[in-house]
Amino acid sequence: MSTATTHGGPRLPQERRLVTEIPGPRSRELLARKQSAVPPGIGTTLPVFVTRAGGGVIVDVDGNSLIDFGSGIAVTNVGNAAPRVVERVQKQVADFTHTCFMVAPYESYVAVCEKLNALTPGDHEKRTFLVNSGAEAVENAIKVARHATGRQAVVVFDHGYHGRTLLTMTLTAKSMPYKHGFGPFAPEVYRVPLAYPFRWPTGPDNCAEEAAAQAIDMINKQIGAENVAAVLIEPIAGEGGFIEPARGFLPKIVEYCRANGIVFIADEVQTGFARTGHMFACEDEGIVPDIITTAKGIAGGLPLAAVTGRADLLDHVHSGGLGGTYGGNPLACEAALGVLETIEQDGLVERARHIGEIMLPRLRALQEHNPIIGDVRGRGAMIAVELVVPGTKEPYPAAEIARRCHEQGLLVLTAGTYGNVLRFLPPLVIPDHLLEEGLSILEKALNVD
Ligand SMILES: Cc1ncc(COP(=O)(O)O)c(C=O)c1O
């Protein structure tokens with residue numbers, strides 16, 4: 001067994017090692033303190049407190065080393081404490097920590113924007129500005145689209161997730177836990193169907209055509225295309241359950257937007273930065289968004305997000321109309337430059353594909369003899385299984401299976417409109433033997449009878 005990461009991260013032994021039950025005594029003490037100090041609205045997926053992480057493992061306060069299939073929700077794509085990120089941030093923190101880019105600018109912000117303008121789909125002229133979170137990026141993309149079109153309506157999709165602020169919570173589909181009790185919501189948000197192959201009423205074959213036709217019909221009848229500022233969609237629905245829209249659906253929606261002067265916004269907050277085996281998931285069907293929102297994997301865990309889009313749209317907003325105190329903080333910008341270098345120099349796009357090539361066949365083989373697995377799907381290192389009550393499509397709760405994995409030292413996340421999806425987002429630097437071991441743990445956890 002290898003004892004160090006092959007793809008960076010601190011030199012932590014790349015092994016699963018359980019020395020206490022999960023959670024151990026020290027984590028239990030800290031959980032009790034958390035319960036007294038932090039409101040229950042802030043949940044806990046894996047009930048252990050972390051001391052170190054790197055490569056494919058997370059080490060807790062009791063000395064347990066757990067396999068990481070979560071990457072802090074698709075954030076540490078380059079691994080935790082990735083060497084190029086650490087080096088750049090350490091230097092920056094000693095040089096200066098903040099001036100506010102709108103007050104006194106610095107080069108790293110501009111360098112990140114130049115990189116995103118070059119790397120995002122399409123070779124048209126682009127602009128980028130930086131903010132702090134995925135939700136803030138989405139809010140700003142809507143601001144830009146409304147300003148540039150002079151229209152107000154925003155169209156979003158069933159199963160979509162876009163954040164927890166007032167507007168992005170409104171844009172999000174699922175009530176519990178994201179919206180329940182938090183209304184009233186923002187006006188001028190309209191929801192249309194998503195081409196969800198596994199659950200499309202007439203089956204997967206006509207899903208793309210039918211869903212696009214329904215969505216377009218609803219927009220035309222209920223809103224009027226001329227009133228729509230933006231159509232906003234995740235190219236793979238993340239929190240909604242890693243739903244890949246049936247092929248052909250996204251191009252039809254883009255075509256409709258182009259024909260009607262509607263800004264097409266791709267929310268790549270979860271899918272971006274090599275995660276899906278492309279730098280951005282839109283590339284899979286050759287989609288070129290008018291605006292693309294990114295966050296999460298952009299800066300290896302430092303808070304950063306971006307709005308990148310057509311120069312004519314972003315240049316439309318008056319001076320001072322965009323920004324914020326911390327957006328594009330110098331530490332986060334240096335981290336982002338370290339992330340982008342790492343993705344490029346360590347071939348992490350290819351590495352994501354390799355992870356998919358290991359995971360998908362094993363999960364599909366598992367599906368053949370385990371009827372609790374209704375669907376296996378995903379691209380690159382963004383993979384999910386949708387659980388069902390055997391012989392039906394009724395959702396089977398994923399939380400129970402996730403807890404069994406956690407007890408065995410494998411961190412997995414759940415998702416899905418119906419709470420029945422296990423999602424896997426390993427760091428792209430995870431060694432193969434940990435992937436295989438994680439899958440073996442999962443296989444056992446899925447044996448429910
Ligand atoms: C697709 C998508 N958009 C937006 C967000 C919100 O990002 P943040 O939590 O950084 O505000 C998320 C977070 O999970 C997301 O997955």
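Whatever order the structure lists ligands and atoms in, that order sets their numbers, starting from 1. Sequential numbering from 1 along the given sequence is applied to the chain's residues. Computed from a prediction, not measured in an experiment: that's the story for all the values here. What's counted below: heavy atoms across the whole structure, side chains too, no hydrogens, waters or symmetry copies.
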*asked:* Against ligand 1, does Lys296 come closer than 4.0 Å with any heavy atom?
replied: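 Yes, that is the case, since the closest heavy atom of the residue is under 4.0 Å from the ligand.
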| query | Relative to the ring of His147, is the ring of His318 parallel (under 30°), tilted (30 to 60°) or perpendicular (over 60°)? | reply | tilted
- Task: Using a strict cut-off of less than 4.0 Å between a Lys/Arg side-chain nitrogen and an Asp/Glu carboxylate oxygen, indicate whether Lys252 and Glu209 qualify as a salt bridge.
- Result: yes
| Would you call Arg351 and Asp346 a salt bridge, taking side-chain N to carboxylate O under 4.0 Å as the test? |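 So Arg351 does not pair with Asp346 through a salt bridge.
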What is the closest protein heavy atom to [atom], and at what distance does it sit?
atom	result
atom 4 (C) of ligand 1	His162 O, 3.3 Å
atom 16 (O) of ligand 1	Gln270 NE2, 2.9 Å
atom 8 (P) of ligand 1	Gly134 N, 3.4 Å

Within 4.0 Å of some non-hydrogen atom of Glu234, the atoms of ligand 1 are 1 (C)
Check your understanding: Which ligand 1 atoms does Glu239 reach within 4.0 Å, using its non-hydrogen atoms?
Key ->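 In order of numbering, the contacting atoms are 14 (O).
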Apply the test side chain to side chain contact (heavy atoms under 4.5 Å, CB included) to residues Tyr161 and Lys174: give CA-CA distance (whole Å), side-chain angles for both, the deciding distance (0.1 Å), then the verdict.
CA-CA 8 Å; Tyr161 179 88; Lys174 190 174 173 179; over 6 Å; no
Checklist entry - What's the spacing between Ile372 CD1 and Ile401 CD1 if we round to 0.5 Å? => result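 Those atoms lie 4.5 Å apart.
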Separation between CD1 of Ile58 and CZ of Arg52, rounded to the nearest 0.5 Å: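 Ile58 CD1 to Arg52 CZ: 13.5 Å, rounded to 0.5 Å.
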- prompt: Does one side chain, of Gln152 or Asn227, offer a donor that lies under 3.5 Å from an acceptor on the other?
  reply: no
Note: Ser133, heavy atoms under 4.0 Å from ligand 1, region reported as both
Heavy atoms only: which of Thr172, Asp267, Val131 is nearest to atom 3 (N) of ligand 1?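 Of the listed residues, Asp267 has the closest heavy atom.
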Check your understanding: Would you say ligand 1 has an N or O under 3.5 Å from any N or O of Ala135?
Key ->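 Min N/O separation from ligand 1 is below 3.5 Å for Ala135.
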